[in-house]
Amino acid sequence: MSLANLLLLSPMAIVVFLIQSTFFLVTVLLAEQFLKNSPANARKTLWFWALMIVPAITLLANLSPATRADHYFAIAFELPNTEALTGNSETNLLSSEATPNVYESTLTQSDAPSFVSLGVSLAKAVLGRVQFWSWLVFAYALIALTLILRIPIGWIQLAKLRQSSTAILGTRNSRLYKEAADQIGYSGKCQVRLTDELDSPVSFGILSPIILFPESYYKELSDSELRSTLLHELSHIKNHDPLRVLLVKAVESLFFFQPLVWLASNRIHYLSELVADDSVLEAGVDTSSYANSIVNLIELGFTPNHPYKLSTGVFSSPGKLVSRMEHLLDNSHSHRTKLEGSNLALSGLAL
């Protein structure tokens, strides 16, 4: 069994998948425009589940009989009676058990030789490219494996970062953390620690979530800035964003050749930040105060540049920071985060 067969890949299946997935994701993009005035969480949910459906589209593209046509021609070309067919033998054509009955009933004596010649020519063309296609599938597997290795490597990096972090001394952190957790409605366990390897706060962890603050800047944060940052990071944890990041990275790695998958990934990442920002406002923080806190954090020296791509943070979308500020200050947008009623129905209907 070749690698191409093992991966259920064929040239026609890839073409069908690209057409199906492009049509599907473009439709989702249009649906998001329809929902542009809805809460960011509704649009985030729409994109996330759309991206999770992409693997199902792959199965449809590969298991549909129409997309396996090149394999059928390859099998037909290798049958014992094929050589006789190339001689345009009408007798062998009618007696061949490999030829489907539907063809026997529909072909006439005059058009049988031309049809067989056409089929054999197409089979030769397909088979002539088998070796090339096998190398192409090998290249795909190599790139996908390289990309998917980002996940275990990223988790190892985060584990080392967790181990090297230090506990926060004093009661200030415990008091502000409890206030933030109560405001946002988070009742789970979460550690808050310091590290000297980051220049901005991040959060990560699925079963044992943790929030890390830069040690060099932590003492310079005011209570309001620290509370707002805790609210933002706790929102990521409460909404299971670390798990979403993991799943999105996996789909990115497997379908890297589809540009719209990267578009969907970027939209999910950006909308996750909007949802976390909305959670801060929903918790009772004044809009202008929160916006000023973000500006103050930047002036303190907080930067988004770090190698931990499986983590989430206040500045996880540096290129979209201006857009996030506009979203915060735009009162025409809904800043609610709970999916209920019409928003949930519209998101589900669009998907």
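Computation of the quantities below employed the complete heavy-atom set of this structure, encompassing side-chain atoms and omitting hydrogens, waters and symmetry-equivalent molecules.
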Can Gln258 and Thr22 be counted as having a side-chain donor-acceptor contact under 3.5 angstrom?
-> yes
Where does the angle between the aromatic ring planes of Tyr140 and Phe256 fall among parallel (under 30°), tilted (30 to 60°) and perpendicular (over 60°)?
-> parallel
Report yes or no: does Ser164 contribute a side-chain atom to a donor-acceptor pair with the main-chain N or O of Leu161 at less than 3.5 Å?
-> yes
Quick one: do the Asp277 and His232 side chains pair a donor with an acceptor below 3.5 Å?
-> yes
Under-4.0 Å salt bridge between Asp278 and Arg324 | no
Any side-chain heavy-atom pair of Val192 and Ile210 under 4.5 Å = no
For the pair Asp182 and Lys178, find out whether any cationic side-chain nitrogen is under 4.0 Å from an anionic carboxylate oxygen.
-> yes
For the residue pair Gln191 and Ser208, confirm or rule out a side-chain donor-acceptor distance under 3.5 Å.
-> no
Residues Ser323 and Tyr270: side-chain donor-acceptor under 3.5 angstrom = yes
Modelled atom types, side-chain donor and acceptor of Ser279 and Ser235, under 3.5 Å | yes
Any luck finding a side-chain donor-acceptor pair between Asn292 and Ser288 under 3.5 Å?
-> no
Decide whether a cation-pi geometry holds between Arg43 and Phe48; the criteria are a distance under 6.0 Å from NZ or CZ to the six-membered ring centre and an angle within 45° of the ring axis.
-> no
Any side-chain donor near an acceptor of the partner, Trp47 and Glu32, under 3.5 Å | yes
Report yes if some heavy atom in the side chain of Ile211 is under 4.5 Å from a heavy atom in the side chain of Ile237; otherwise report no.
-> yes
What about Tyr177 and Tyr186, are their ring centers closer than 6.0 Å?
-> no
Donor-acceptor pair between Arg244 and Ser272 side chains, under 3.5 angstrom | no
